[in-house]
Trainee: 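I'd like to ask some things about the structure below.
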There are 2 protein chains.
Amino acid sequence: MISRENPIGVFDSGIGGLTVVRQLMNILPSENIVYFGDTARVPYGNKSAEVIREYAVQDARFLLSKGVKVIVIACNTASALAMDVVRSHSTVPTIGVIEPTADAAMGKVRSRGVGVIGTLSTINSSAYETALKDINSQTPILSQACPLFVPLAEEGMFNHPVTDLVAREYLSRFSGRIDVMILGCTHYPLLRDAISGILGGDVDLVDAGEATARSVLDLLSSGNMLNKQKTKPRYEFYVSDFPQKFNEIAERFLGRKLEFVRKVQIYSNGDIR
Amino acid sequence: MISRENPIGVFDSGIGGLTVVRQLMNILPSENIVYFGDTARVPYGNKSAEVIREYAVQDARFLLSKGVKVIVIACNTASALAMDVVRSHSTVPTIGVIEPTADAAMGKVRSRGVGVIGTLSTINSSAYETALKDINSQTPILSQACPLFVPLAEEGMFNHPVTDLVAREYLSRFSGRIDVMILGCTHYPLLRDAISGILGGDVDLVDAGEATARSVLDLLSSGNMLNKQKTKPRYEFYVSDFPQKFNEIAERFLGRKLEFVRKVQIYSNGDIR
């Protein structure tokens, strides 16, 4: 039996989903959260649809075993390729990052188009394009896969000549053509300076964090599932590899000590140890 | 019962191990080969020792199920971190790339030192350093992790200003200090031009392919396990994701049509489907 006190479940291919967690903590400060980061199989963005769907269902099953009341797919690649299959395996509502982020981006369009950058799998799926066209079929959309951005972000090369050169390579074609750029991968906000440096200050950068957290708020609120308890919320973080490294990065990024970080093993048949 | 006609087994985290396969085909043209590339979990170089060891044992088990007479760990990261555990699970001889490559490199030293470049996990393991010191404890060794080289190679950016800039960043410190550079990751031979461009023409670049294939020849020959049959050898390639993409790259790289490329699913409990 799922009650209001049950946690929100969030999964990602690794650490990127923390951008969504941070916004959930801000916007829904009473909610308990269970996070799973699949650091033993990161990245998802260079895998096939078939493998991404398999992994996403396993990740969702793990969250369900923790009694979550909603599943948030914080990973753009998994949201783009596995929403339907996660929904069909889930006994609770499932939210991805694509629709909320597309909505937020479309709201910022003035006279030009919307840009989308993401992993190869996300861009090839056209998921953002479809979501954007569903909102407004007239607005021009320009997409670009940026496969080197994830390794650059993971290397911490946020402000580095190499990152600037790579950003120029990927982003020059957007020049003068867009009002808004969707950062369609949870790693990309870390490269905000380099991206903004090429696009110019008049292009709004939209990431999944805030929009997705707001849509979780709407869902829980409309379903009368908000946690009303005033006790301190419980945050549990699970990863499939590198719990110490995850802990360090997460504490820095979330600006708080984490009391519960644990390594779990995800078996391909759905078992967890 | 393992006979001389049984295949040589080779595994790698992805496509990189083909550099070893190409040399095996050259040096041991009568041998049957079974290859496994773990493309659903690539890369290994950014995973923990614990996870790399788990994956390597599963990969080896798969090869053993195909009746291989020897296991070749073509992946530098897995060789550096999982030789002992693969050996202890294997019923046939196991060869990694570290010792043969270190041997070949030490043979080319003139008056200066040996450089080693590889993934973060390979360099942190000090496996090459240990192997080189075992051969000659006097020769200076200089190591450097080059985590961006794998994504650059996978993006096909072999001759690109970004690759040159990254190579300069990683390799400038080797200037004037080494006679030989070990390309301690199977992807790096693809970036040979950029690496050579920074190091200069008087530094020998040594990769795992030829040295490892020669050590397989020695092992089979000394154990009287060379295949004496004159029939056309059988080559079987298995991958855990992207069989079409693998097939394309492999055919181009090996310069021949592949008759057998199949996707398999590796279960974490060791089962294969």
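Below, read A as the first sequence line, B as the second, and so on, with proteins coming before strands; counting in each chain starts at 1.
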Trainee: Does the pair A:Asp84/A:Arg87 count as a salt bridge with the N-to-O cut at 4.0 Å?
Mentor: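 No, this pair does not count.
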Trainee: Need one label for B:Tyr44: side chain, backbone, both or neither, based on atoms under 4.5 Å from any heavy atom in chain A.
Mentor: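 Neither part.
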Trainee: Is any side-chain N of the basic residue among A:Glu236 and A:Arg262 closer than 4.0 Å to the acidic one's carboxylate O?
Mentor: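 Salt bridge between A:Glu236 and A:Arg262, a charged N being under 4.0 Å from a carboxylate O: no.
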Trainee: For the residue pair A:Tyr188 and A:Phe149, does the interplanar ring angle fall in the parallel (under 30°), tilted (30 to 60°) or perpendicular (over 60°) class?
Mentor: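 Correct class here is perpendicular.
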Trainee: Check each atom of B:Val42 against the heavy atoms of chain A and say whether the ones under 4.5 Å are side chain, backbone, both or neither.
Mentor: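 Both backbone and side chain.
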Trainee: In terms of heavy-atom pairs under 4.5 Å, which option from A:Pro147, A:Ser240, A:Pro43 contacts chain B the most?
Mentor: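 With the most close heavy-atom pairs to chain B, the winner is A:Pro147.
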Trainee: For the rings on B:Phe260 and B:Tyr238, is their centre-to-centre separation under 6.0 Å?
Mentor: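 They qualify: ring centres under 6.0 Å apart.
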Trainee: Between B:Phe246 and B:Phe253, is the ring centre distance below 6.0 Å?
Mentor: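 B:Phe246 vs B:Phe253: aromatic centres not under 6.0 Å.
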Trainee: Most heavy-atom pairs under 4.5 angstrom with chain A, which of B:Ile52, B:Leu148, B:Val166?
Mentor: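 Top option by heavy-atom pairs under 4.5 Å: B:Leu148.
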Trainee: Could you look at B:Leu120 and say if it's the side chain, the backbone, both or neither that has a heavy atom under 4.5 Å from chain A?
Mentor: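 Interface part for B:Leu120: neither.
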Trainee: Out of B:Pro151, B:Ala40, B:Pro161, return the one with the most heavy atom pairs under 4.5 angstrom to chain A.
Mentor: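 Of B:Pro151, B:Ala40, B:Pro161, B:Ala40 has the most heavy-atom pairs under 4.5 Å with chain A.
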